[in-house]
Amino acid sequence: MWFLSLFLALSLGGIDAAPPGQSRIVGGYKCEKNSQPWQVAIINEYLCGGVLIDPSWVITAAHCYSDYYHVLLGRNNLFKDEPFAQYRFVNQSFPHPDYNPFFMKNHTLFPGDDYSNDLMLLHLSKPADITDGVKVIDLPTEEPKVGSTCLASGWSSTKPLEWELPDDLQCVNIHLLSNEKCIEAYEQKVTDLMLCAGEMDGRKDTCKGDSGGPLICDGVLQGITSGGAIPCGKPKTPAIYAKLIKFTSWIKKVMKENP
């Protein structure tokens, strides 16, 4: 899974690729400009996505953790100045306390088999200015339904075996599947804290660089991109997303205690 790529990248000191993953948003298309105003780009050693859920707060994947972050908001194109573009630092990060994708043996870290709780909150150094191009999105209040039409987005690489970013934010339409489909696909644990989404015939998928970005199902933010197969877009191997409805109490608690 993508998580193993993260472990290897950290072990080898690689910093030029996003944490887990191998290629790109597969089978996607250029998002309509400003159609995803809650999408942010998080730049550290890697490229990750994130979601603005409050003017002062971004949610992303815990495996995107770093010692520093640069957050780009209101961007469609990562490489050009745009009218709604904003730039923020992060003054605090809050990985979920139960996220631990590694185990220790003989004083050495190894990849584990449970990547649940792959969420992290980032507190911005200055609140985002809410505009037509920068908006917050609400947390879910109801369970997502299997079969829902979902949209994922990100700036991940557009070539399967090379690290080459697209200029513009990419979107992909996929379906929410039963967790049994991911349980059948992976040796690692798939728990009720995760969502399984993709297409069973492959061709459409999220991947490296999309980590931490949104999964919006039937218009509701339901998931955060977490991990998947290598290569991305393989048949019968949909990707895994953190299931946000399971974490709303934790999210609200962290935000309340750290205004």
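Quick caveat, the model's predicted, so the values are computed rather than measured.
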Report summary line: For Cys31 and Ser35 the tightest heavy-atom approach is CB-OG, 3.9 Å
Requested in this report: For residues Ile245 and Glu142, determine if any side-chain heavy atom of one lies less than 4.5 Å from a side-chain heavy atom of the other.
Outcome: no
Query raised in the report: Quick check, are the ring centers of His70 and Phe89 under 6.0 angstrom apart?
Result: yes
Query - Close side-chain approach of Ile137 to Ile216, heavy-atom, < 4.5 Å - result: yes
Query raised in the report: Within the side chain of Asn117, is there an N or O that forms a donor-acceptor pair under 3.5 Å with the backbone of Pro97?
Result: no
Query raised in the report: Parallel, tilted or perpendicular for Trp57 and Phe94, by the 30°/60° rule?
Result: tilted
Report summary line: So CD1 of Ile42 and OG1 of Thr60: to nearest 0.5 Å the spacing works out to 3.5 Å
Query raised in the report: Counting N and O atoms only, with roles assigned by atom type, does the side chain of Asn179 sit under 3.5 Å from a partner on the main chain of Thr191, one being a donor and the other an acceptor?
Result: yes
Query - Between CG on residue Leu73 and OG1 on residue Thr131, distance to nearest 0.5 Å - result: 9.0 Å
Report task. Verify, without hydrogens or angle tests, whether Asp210 (side chain) and Thr206 (backbone) share a donor-acceptor contact under 3.5 angstrom. Result -> no
Query - Worked verdict on Asp114 versus Asn100 for side chain to side chain contact (heavy atoms under 4.5 Å, CB included) - result: CA-CA 8 Å; Asp114 187 349; Asn100 183 15; over 6 Å; no
Requested in this report: Tell me whether the centres of the aromatic rings in Trp155 and Phe79 are closer together than 6.0 Å.
Outcome: no
Query - Pairing of Lys243 and Glu143 as salt bridge, 4.0 angstrom limit - result: yes
Report task. Look at the side-chain heavy atoms of Ile, Leu, Val, Met, Phe, Trp and Tyr, link any pair under 4.5 Å apart, and say whether Ile224 and Ile251 land in one connected group. Result -> yes
Report task. Identify the heavy atoms of Leu221 and Pro214 that sit nearest to each other, and give their distance. Result -> CD1-CB, 3.7 Å
**Report entry** Salt bridge present between Arg88 and Asp129 (N-O < 4.0 angstrom)
**Finding:** yes
**Report entry** Nearest atoms (heavy-atom pairs only) where Gln39 meets Gly49
**Finding:** NE2-CA, 3.9 Å
Query raised in the report: How about Ser66 and Glu45: does a side-chain donor come under 3.5 Å of a side-chain acceptor?
Result: yes
**Report entry** Candidates Ser226, Cys64, Ser156 - the one meeting side chain to side chain contact (heavy atoms under 4.5 Å, CB included) with Ser211
**Finding:** Cys64
Query - ring-ring contact (aromatic ring centres under 6.0 Å, His included) contacts in which one or both residues fall within residues 224-247, not counting sequence neighbours - result: His96-Phe247
Query - Asp81 CG: over 12 foreign heavy atoms closer than 6.0 Å - result: no
Query raised in the report: Which value, rounded to the nearest 0.5 Å, describes the distance between Leu169 atom CG and Ser153 atom OG?
Result: 5.0 Å
Report task. Kindly indicate whether the side chain of Leu121, heavy atoms from C-beta on, has any atom under 4.5 Å from the side chain of Trp250. Result -> yes
**Report entry** Shortest non-hydrogen contact between Cys217 and Gln222, atoms and distance
**Finding:** CB-CG, 4.0 Å
Report task. Spell out, yes or no, whether Trp38 and Val134 are grouped together once hydrophobic residues are joined by side-chain heavy atoms under 4.5 Å, including indirect joins. Result -> no
Query raised in the report: Can Gln92 and Asn258 be said to form a side chain to side chain contact (heavy atoms under 4.5 Å, CB included), step by step?
Result: CA-CA 9 Å; Gln92 280 185 293; Asn258 300 274; 4.2 Å; yes
Query raised in the report: Looking at Tyr65 and Ser93, what are the two nearest heavy atoms and their distance?
Result: CE1-OG, 3.5 Å
Query raised in the report: Are Tyr186 and Ile240 close enough, and set up right, to give a side chain to side chain contact (heavy atoms under 4.5 Å, CB included), and what steps lead you there?
Result: CA-CA 10 Å; Tyr186 298 111; Ile240 290 173; 3.8 Å; yes
Report task. Output yes when a side-chain donor or acceptor of Arg75 lies under 3.5 Å from a complementary backbone atom of Lys80, and no otherwise. Result -> yes
Query raised in the report: Given side chains that start at C-beta, do those of Leu195 and Leu176 come closer than 4.5 Å, heavy atoms only?
Result: yes
Query - Test side-chain hydrogen bond (donor to acceptor under 3.5 Å, both in side chains) applied to Asn34 and Asn76, step by step - result: CA-CA 7 Å; Asn34 302 321; Asn76 296 288; 3.0 Å; yes
Requested in this report: Test salt bridge (charged side-chain N to carboxylate O under 4.0 Å, His left out) on Glu257 and Lys253 and set out the steps.
Outcome: CA-CA 6 Å; Glu257 292 177 352; Lys253 180 175 184 289; 3.1 Å; yes
Report task. Return the minimal non-hydrogen interatomic distance between Asp205 and Ala239, and the atom names on each side. Result -> OD1-CB, 3.4 Å
Query raised in the report: Mind checking whether Leu244 and Met194 sit in one hydrophobic cluster, side chains of I, L, V, M, F, W, Y counted as touching below 4.5 Å?
Result: no
Query raised in the report: With side chains defined as the heavy atoms from C-beta onward, is the minimum distance between Leu52 and Lys135 less than 4.5 Å?
Result: no
Query raised in the report: So do Asn77 and Glu82 actually touch side chain to side chain, heavy atoms under 4.5 Å?
Result: yes
Report summary line: Rounding to 0.5 Å, atoms OG1 (Thr237) and CD (Glu199) come to a distance of 12.0 Å
Requested in this report: Would you please test Val71 and Tyr87 for side chain to side chain contact (heavy atoms under 4.5 Å, CB included) and show each step?
Outcome: CA-CA 6 Å; Val71 177; Tyr87 182 91; over 6 Å; no
Query raised in the report: Below 4.5 Å, heavy atoms only, C-beta onward: do Leu215 and Leu151 meet side chain to side chain?
Result: no
Report task. Establish whether Leu72 and Val136 are linked, either directly or via other cluster members, by ILVMFWY side-chain heavy-atom contacts under 4.5 Å. Result -> no
**Report entry** Minimum side-chain heavy-atom gap Tyr29-Asn173 below 4.5 Å
**Finding:** yes
Query raised in the report: Would you say the side chains of Asp218 and Ser148 form a donor-acceptor pair under 3.5 Å?
Result: yes
Query raised in the report: Are Leu122 and Val40 joined in one hydrophobic group, where the rule is that I, L, V, M, F, W and Y side chains link up if heavy atoms are under 4.5 Å apart?
Result: yes
Report task. Could you grab the distance from atom SG of Cys150 to atom CG of Leu177, nearest 0.5 Å is fine? Result -> 8.5 Å
Query raised in the report: So how far is it from Tyr99 OH to Leu193 CG, rounded to the nearest 0.5 Å?
Result: 13.0 Å
